[in-house]
Amino acid sequence: MAGRFAPRPTRTTVRGGQVAVPAGVPRPAGAASAPDRVRGWTPQGPLDLGLVLGPLRRGPADPTFRALPDGSVWRSCRTPAGPGTLRVTAAGGEVRGEAWGPGAEWLLEGLPDLLGAADDPSVFAPRHKLVALARHRRPGLRLTRTGLVLESLIPSVLEQKVTTDEAYRAWRLLVRKFGEPAPGPAAGGRLWVMPAPRTWALIPSWEWHRAGVDNKRASTILRAVRVAARLEEAVGMAPEAAQARLELVPGVGPWTSAETVQRSHGAPDAVTVGDLHLPGIVGWALAGDRDADDAAMLELLEPYAGQRHRAARLILLSGRTPARRAPKMPRVDIGRL
C-alpha cells in the first residue's frame, strides 16, 4: 500500500521536507533553451524528488527553488565555479539533470549526492510503530547532500528565534534585491542566485531592517561571510567536525549548525537541539509527552543513534503532533518600526 495514497501535507510534514512534485510529463520541444550540460543517472531504489530536495526550499516563494507541474524541480545556487541553475526530473526509474551557467558542470557532477546517492537508508532500523509506518509510506526518502555550506547557513541564521513566515520573507526579499538572475530559462518565473559573500557583507543596515532582520542575526551573517572560504572547507570534514567549525562563528549555535550540516553534508545523525517545537513533537509521537525538552528528546532518540536526524524527519513526516493549546508565536515586522 506504500505510495498508493499520498499523505496530505501539513505544516509539520512540510517542515519535515515534504514538497509536492507532480508526476512527470514530457516537456514540449522548444519549451526552454537548450541546457549547457545534461546528465542521466539511475538511482538505486525508489526516489522521491519532493522528499529528497524538499529541505532545500525556504518557503513556497523561495526565489532559488521551484517545483513545476511538469514534475521538474528547479534549483539555483552559487557553486565554487560560479552561478548555476539545475533542472531535475525523474521518470521510469531514471533521473535527468539539466544545468545552465558557469556552475553547470559542478552541479551535474554532484547530482547523485544531491539526490541521496551517498545516503544509505538500509542501515536505519525503526524502533517504534509510528516511525516504521512513516518509513513504509515514504520509501523514496533520501538525505540530500549539497556540498555547499553558506547557502544553508545563511537562511538557517535568518530562521533563528522568529516564525518561519518571517524568515522566509527575509530570505525572499534579500535574495531578490541583492542576488542575481539565475542563468538559463525562467522556470515558471525568474529564479535568483543568492548574493556572493562580499555582496552580503555590503548590504546596508537599513536593508536588513526593512527585511525584518534584527541586528543580532544580521551581525551573525556578516561574521560568517567574512570567513566564507573557511566555512566552505567544512564540506570535506565529518559532520561533527563541520558543526564545531561553524560554531566558532559567534551567533552560530548547535541549532544552526545542525540545520546546516543536515543539508550540506546529508548528516543522518545531526539532530536539531534548541528548537521550540521539535522536542514536543518527538516526545508526543514516541511517548505521549508534549512537554518533552531537549534532554527527553535525545533520550527518546537514543535507540536511533547514528540516524537520529532521519528518525526525527520521519516523525515530522508522520504528521503526528499535539493539538495547539496556546496561540502560535506572534509575528513582529521590525521593518515597520
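The residues of the chain are indexed from 1 along the displayed sequence.
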Q. Could you walk me through whether Val19 and Leu51 pass the side-chain contact (heavy atoms from CB on, under 4.5 Å) check?
A. CA-CA 6 Å; Val19 172; Leu51 288 177; over 6 Å; no

Q: Flag the pair Pro185 / Trp100 as yes when at least one side-chain heavy-atom distance between them is below 4.5 Å, and no otherwise.
A: yes

Q: For Thr199 and Pro195, indicate whether the former's side chain and the latter's backbone hold a donor-acceptor pair under 3.5 Å.
A: no

Q. Short question: side chain of Arg226, backbone of Pro197 - any donor-acceptor pair under 3.5 Å?
A. no

Q.
Between His265 and Glu240 (side chain of the first, backbone of the second, donor and acceptor by atom type, cut-off under 3.5 Å), is there such a pair?
A. no

Q: Determine whether Leu133 and Leu301 fall in the same hydrophobic cluster, where Ile, Leu, Val, Met, Phe, Trp and Tyr are linked whenever their side-chain heavy atoms lie under 4.5 Å apart.
A: no

Q. Would Glu180 and Arg78 pass as an ion pair if we require N to O under 4.0 Å?
A. yes

Q | Nearest-0.5 Å distance that lies between atom OG1 in Thr321 and atom CD1 in Ile281 | A | 6.0 Å

Q. Would Leu53 end up clustered with Val193 when hydrophobic side chains under 4.5 Å apart are linked, directly or stepwise?
A. no

Q) Do you see a donor-acceptor pair shorter than 3.5 Å between the side chains of Trp74 and Ser76? A) no

Q.
What's the separation between atom CG in Leu246 and atom CE in Met237, rounded to the nearest 0.5 Å?
A. 9.0 Å

Q | Heavy-atom pair with the smallest gap, counting every atom of Val131 and Ile315 | A | CG2-CG1, 3.9 Å

**Q.** Flag side-chain contact, heavy atom, 4.5 Å: Asp48 against Arg138
**A.** no

Q. For residues Gln160 and Thr256, is any side-chain donor paired with an opposing acceptor at under 3.5 Å?
A. yes

Q.
Would you say that more than 12 heavy atoms from the other residues, nucleotides or ligands in this model lie under 6.0 Å from the CD of Gln44, or not?
A. no

Q: Output the distance between atom NZ (Lys161) and atom NZ (Lys216), rounded to the nearest 0.5 Å.
A: 7.0 Å

(Q) Quiz question: by atom type and distance under 3.5 Å, do the side chains of Ser152 and Glu259 form a donor-acceptor pair? (A) no

Q | Close side-chain approach of Leu316 and Leu278, heavy atoms under 4.5 Å | A | yes

Q.
Taking Leu114 as the starting point, is it possible to reach Leu47 by hopping between hydrophobic residues whose side chains are less than 4.5 Å apart?
A. yes

Q. Honestly curious: do Leu56 and Trp41 fall in one hydrophobic cluster under the side-chain, below-4.5 Å linking rule?
A. yes

Q. Is the backbone N or O of Thr163 less than 3.5 Å from a side-chain atom of Glu166, with the two atoms forming a donor-acceptor pair by type?
A. yes

Q: State which residues pass side chain to side chain donor-acceptor pair (under 3.5 Å) with Asp275; sequence neighbours excluded, sorted by chain then number.
A: Arg15, Trp255

Q) Thinking salt bridges, do Arg263 and Glu151 make one under a 4.0 Å N-O criterion? A) no

Q. Could you give the distance from CG (Asn215) to NE2 (His209), rounded to the nearest 0.5 Å?
A. 11.0 Å

(Q) Could you check whether Glu98 pairs with Arg96 (Lys NZ or Arg NE/NH1/NH2 to Asp/Glu carboxylate O, under 4.0 Å)? (A) yes

Q: Start with the C-alpha gap between Arg313 and Val271, add the side-chain angles, then the distance that decides, and say whether side-chain contact (heavy atoms from CB on, under 4.5 Å) holds.
A: CA-CA 9 Å; Arg313 271 202 70 186; Val271 62; over 6 Å; no

Q) Looking only at heavy atoms, what is the nearest atom pair of Asp62 and Arg66, with distance? A) O-NH2, 4.4 Å

Q) What's the shortest heavy-atom distance between Ala134 and Leu314, and which atoms? A) CB-O, 3.4 Å

Q: Find out whether Arg145 and Val235 are in side-chain contact, i.e. whether some heavy atom of one side chain is under 4.5 Å from a heavy atom of the other.
A: yes

Q) Angle class for the Trp200/Trp171 ring planes (parallel below 30°, perpendicular above 60°, tilted otherwise)? A) parallel

Q. Would Val95 and Val88 count as a side-chain contact (heavy atoms from CB on, under 4.5 Å) if you check the C-alpha gap in whole Å, the side-chain angles of each, and the deciding distance to 0.1 Å?
A. CA-CA 7 Å; Val95 172; Val88 184; 3.7 Å; yes

Q: Mind checking the CZ-CD1 spacing from Arg210 to Ile203? Nearest 0.5 Å is all I need.
A: 12.5 Å

Q) Does some side-chain heavy atom of Pro239 sit less than 4.5 Å from a side-chain heavy atom of Gln262? A) no

Q: Please answer: with hydrophobic residues joined when any side-chain heavy atoms are less than 4.5 Å apart, are Val252 and Val227 in the same cluster?
A: yes

**Q.** Chi angles and distances behind the side-chain contact (heavy atoms from CB on, under 4.5 Å) call for Leu68, Val21
**A.** CA-CA 7 Å; Leu68 297 188; Val21 177; over 6 Å; no

Q.
Suppose the criterion is side chain to side chain donor-acceptor pair (under 3.5 Å): which pairs have a residue in residues 281-301, not counting sequence neighbours?
A. Asp291-Arg325

**Q.** Point-to-point distance, once rounded to the nearest 0.5 Å, from CG of Asp36 to OG1 of Thr85
**A.** 9.5 Å

Q) Looking at side-chain heavy atoms only, is the closest gap between Gln307 and Asp269 below 4.5 Å? A) no

Q) Which atom pair, heavy atoms only, marks the closest approach of Pro139 to Arg142? A) O-NH1, 3.3 Å

**Q.** Leu86 side chain reached by Leu111 side chain, heavy atoms, under 4.5 Å
**A.** yes

Q) Would a distance-only check, ignoring hydrogens and angles, find a side-chain to backbone donor-acceptor pair under 3.5 Å from Glu232 to Leu150? A) yes

Q: Can you spot which of Ile154, Val157, Leu222 makes a side chain to side chain contact (heavy atoms under 4.5 Å, CB included) with Arg217?
A: Val157

Q: Over all heavy atoms of both residues, which pair between Ser264 and Thr146 is shortest? Give the atoms and the distance, please.
A: CA-OG1, 3.4 Å

Q. How far apart are the closest heavy atoms of Met297 and Thr272, and which atoms are they?
A. CE-O, 3.4 Å

Q | Over 12 foreign heavy atoms within 6.0 Å of CD, Glu247 | A | yes

Q.
Is the shortest side-chain heavy-atom distance between Trp208 and Leu174 below 4.5 Å?
A. yes

Q.
Name the residue from His128, Arg127, His309 that meets the side chain to side chain donor-acceptor pair (under 3.5 Å) definition with Tyr304.
A. His128

